[in-house]
**Q** 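One structure follows; several queries about it will come next.
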Amino acid sequence: MLSKIVQDALNEQIRIEAESSQVYLAMACWAEIQPGIDNVTAFFYQHSDEEREHMLKLIHFVNERGGFATVPALPQPPLTFPSIKHAFQALLKHEIFVSESINNCVDIALQEKDYATHNFLQWYVAEQIEEEALARTMNDKLELIGDDKGGLYLFDKDILTISVGHEKK
Ligand code: OFO
């Protein structure tokens, strides 16, 4: 059975995962109307779907442990970006924020001596390490590319391979 404090922390994490899904969905939607970045678009749509899965995993866990998961209200995310580079900078910033929030949940689980929740959250800890590393790789590449259109073409060509490589690790 979840304590109230653990349930509240997990419900807040459900909200954050849902918000992440919306944030990346908006990035996907914006990318889709930019010329020539079809794979970047696919990456954002895929990332949005993954965040929804992270949310669902938490919802099932809370409900299965005798709690009640809260489906959250969500604000509208940023809809447009000055450039692809800005979108990926926002993605990295968001992932760092999510990692901090997961760490906070882990802290609370330990304080409450809720070892089942602590164990469950380890998957999210590992996932955030992967996602932050992936976001940093992409930001580094975009930094190197600068305004070079050929570089951006190659970035779009490579992005699915880079992200699939990270998923397999
Ligand atoms: Fe939910 O994995 Fe990143 O944010």
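Order of appearance sets the numbers: ligands from 1, and atoms from 1 within every ligand.
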**Q** Would E131 count as a contact for atom 1 (Fe) of ligand 1, in the sense that one of its N, O or S atoms lies under 2.8 Å from it?
**A**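 It does not; every qualifying atom lies at 2.8 Å or beyond.
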**Q** Taking the six-membered ring for Trp and the full ring for Phe, Tyr or His, determine whether the centres of F97 and H94 are under 6.0 Å apart.
**A**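 Ring centroids of F97 and H94 are less than 6.0 Å from each other.
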**Q** Treating E19 as the side-chain partner and L74 as the backbone partner, does any N or O pair qualify as donor plus acceptor under 3.5 Å?
**A**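 No, E19 side chain to L74 backbone: no donor-acceptor pair under 3.5 Å.
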**Q** Just let me know how E17 lines up against ligand 1, side chain, backbone, both or neither, with a heavy-atom cut-off below 4.0 Å.
**A**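 Under 4.0 Å from ligand 1, E17 contributes side-chain atoms alone.
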**Q** Which of the N/O/S atoms in E95 sits closest to atom 3 (Fe) of ligand 1?
**A**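 Result for E95 and atom 3 (Fe) of ligand 1: OE1.
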**Q** Supply the atom-to-atom distance F43 CZ to M27 CE, rounded to the nearest 0.5 angstrom.
**A**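 Going from CZ on F43 over to CE on M27, the span is 9.5 Å.
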**Q** Quick one: which ligand 1 atoms are inside 4.0 Å of a heavy atom on V98?
**A**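 Reading through ligand 1 atom by atom, the close ones are 4 (O).
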**Q** Please evaluate residues H86 and Q89 with respect to the criterion side-chain hydrogen bond (donor to acceptor under 3.5 Å, both in side chains), reporting the C-alpha separation (whole Å), side-chain torsions for both, the decisive distance (0.1 Å), and the verdict.
**A** CA-CA 5 Å; H86 283 85; Q89 281 170 346; 4.5 Å; no
**Q** Treat each ILVMFWY residue as a node, draw an edge where side-chain heavy atoms are under 4.5 Å apart, and state whether V23 and I37 are in one component.
**A**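 Yes.
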**Q** At a threshold of 2.8 Å, where the distance has to be below it, does atom 1 (Fe) of ligand 1 have an N, O or S atom of E51 nearby?
**A**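 It does: E51 brings an N, O or S atom closer than 2.8 Å to atom 1 (Fe) of ligand 1.
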**Q** F88 vs F155, test: ring-ring contact (aromatic ring centres under 6.0 Å, His included). Steps then yes/no.
**A** CA-CA 12 Å; F88 277 94; F155 179 80; 5.5 Å; yes
**Q** Against heavy atoms of H54, which atoms of ligand 1 measure under 4.0 Å?
**A**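 What qualifies from ligand 1 is 1 (Fe), 2 (O).
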**Q** Please report whether ligand 1 has a polar contact with H94, defined as an N or O pair separated by less than 3.5 Å (distance criterion only).
**A**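 By distance alone, the answer is no.
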